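These numbers come from a predicted model, not from an experiment.
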Amino acid sequence: MTIDDIIDDFELLDSWDDRYRYLIELGRKLPPFPEAERSDATKVQGCASQVWLVSDLSAGADGPRLTFVGDSDAHIVRGLIAILLVLYSDKSARDILGIDPAAVFDRIGLREHLTPQRSNGLRSMVERIRADARGALATV
């Protein structure tokens, strides 16, 4: 699944109830998160719900690449994580830093339908992903 697929799917849904159900369904499709990774070190600070995010660094032809896994105890937040993973995972650190998640969430129309707490949590997750990418570039 690509981010364009997700955007297209959102555009097919007329009501926000349907869009929220789709978001929750995306979250249900996340791969299982290892119980051992649920720790303070992997917890994303600044989220109202519990959010864990882990990055895996590998070498790529275009520099360091990062793959992410994540989870939350909140259904809608799990859906947001699923979108972020499609957007950022398995990309080069440089590409990650060039992605504008606000533009994607605006295209979906989701930013205006998130509570302030979820918007803050989303920003915290994106900042954590970008911090991991900056850290990967610093090791090169």
> Looking at Asp71 and Arg78, is there a salt bridge between them, counting it only when a charged N and a carboxylate O are closer than 4.0 Å?
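Result for this pair is yes, salt bridge flagged.
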
> For Asp100, I'd like to know if atom CG has over 12 heavy atoms of other residues, nucleotides or ligands within 6.0 Å.
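Count over threshold, so yes.
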
> Taking it one step at a time, do Val126 and Tyr88 satisfy side-chain contact (heavy atoms from CB on, under 4.5 Å)?
CA-CA 9 Å; Val126 169; Tyr88 288 110; 3.6 Å; yes

> Where the side chain of Ser55 meets the backbone of Thr67, is there a donor-acceptor pair that is under 3.5 Å apart?
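Side chain of Ser55 to backbone of Thr67, a donor-acceptor pair under 3.5 Å: no, none is there.
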
> In terms of heavy-atom contacts, does CD of Gln117 have more than 12 from other residues, nucleotides or ligands at under 6.0 Å?
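Check fails, neighbour count at 12 or below.
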
> Does atom CZ of Arg107 have more than 12 heavy-atom neighbours from other groups under 6.0 Å away?
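Not more than 12 within 6.0 Å, no.
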
> Tell me if the CG atom of Asp40 is crowded by more than 12 foreign heavy atoms within 6.0 Å.
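No - once you tally the heavy atoms of other residues, nucleotides and ligands closer than 6.0 Å, there are 12 at most.
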
> Within the side chain of Arg65, is there an N or O that forms a donor-acceptor pair under 3.5 Å with the backbone of Leu57?
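No; zero donor-acceptor contacts below 3.5 Å.
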
> Do you know which two heavy atoms are closest between Ser49 and Ser72, and how far apart they sit?
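Scanning both residues, the minimum pair turns out to be OG-OG, 3.6 Å.
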
> Which of parallel (below 30°), tilted (30 to 60°) and perpendicular (above 60°) describes Phe10 and Trp16?
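Geometry flag for Trp16 against Phe10: tilted rings.
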
> Please check: side-chain N/O of Thr42 versus main-chain N/O of Ser39, any donor-acceptor pairing under 3.5 Å?
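Confirmed, Thr42 side chain pairs with Ser39 backbone.
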
> Judged by atom type as modelled, is there a donor-acceptor pair below 3.5 Å linking the side chain of Arg38 to the main-chain atoms of Lys43?
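No.
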
> The test is side-chain contact (heavy atoms from CB on, under 4.5 Å); show your working for Ile24 and Ile76 and say whether it passes.
CA-CA 5 Å; Ile24 290 168; Ile76 290 177; 4.0 Å; yes

> Between Met125 and Leu66, is there shared hydrophobic-cluster membership here, with clusters defined by ILVMFWY side-chain heavy atoms closer than 4.5 Å?
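Yes, one cluster joins them.
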
> Please report the closest heavy-atom contact between Leu122 and Leu80, naming both atoms and the distance.
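Smallest interatomic distance, heavy atoms only, reads CD1-CB, 4.5 Å.
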
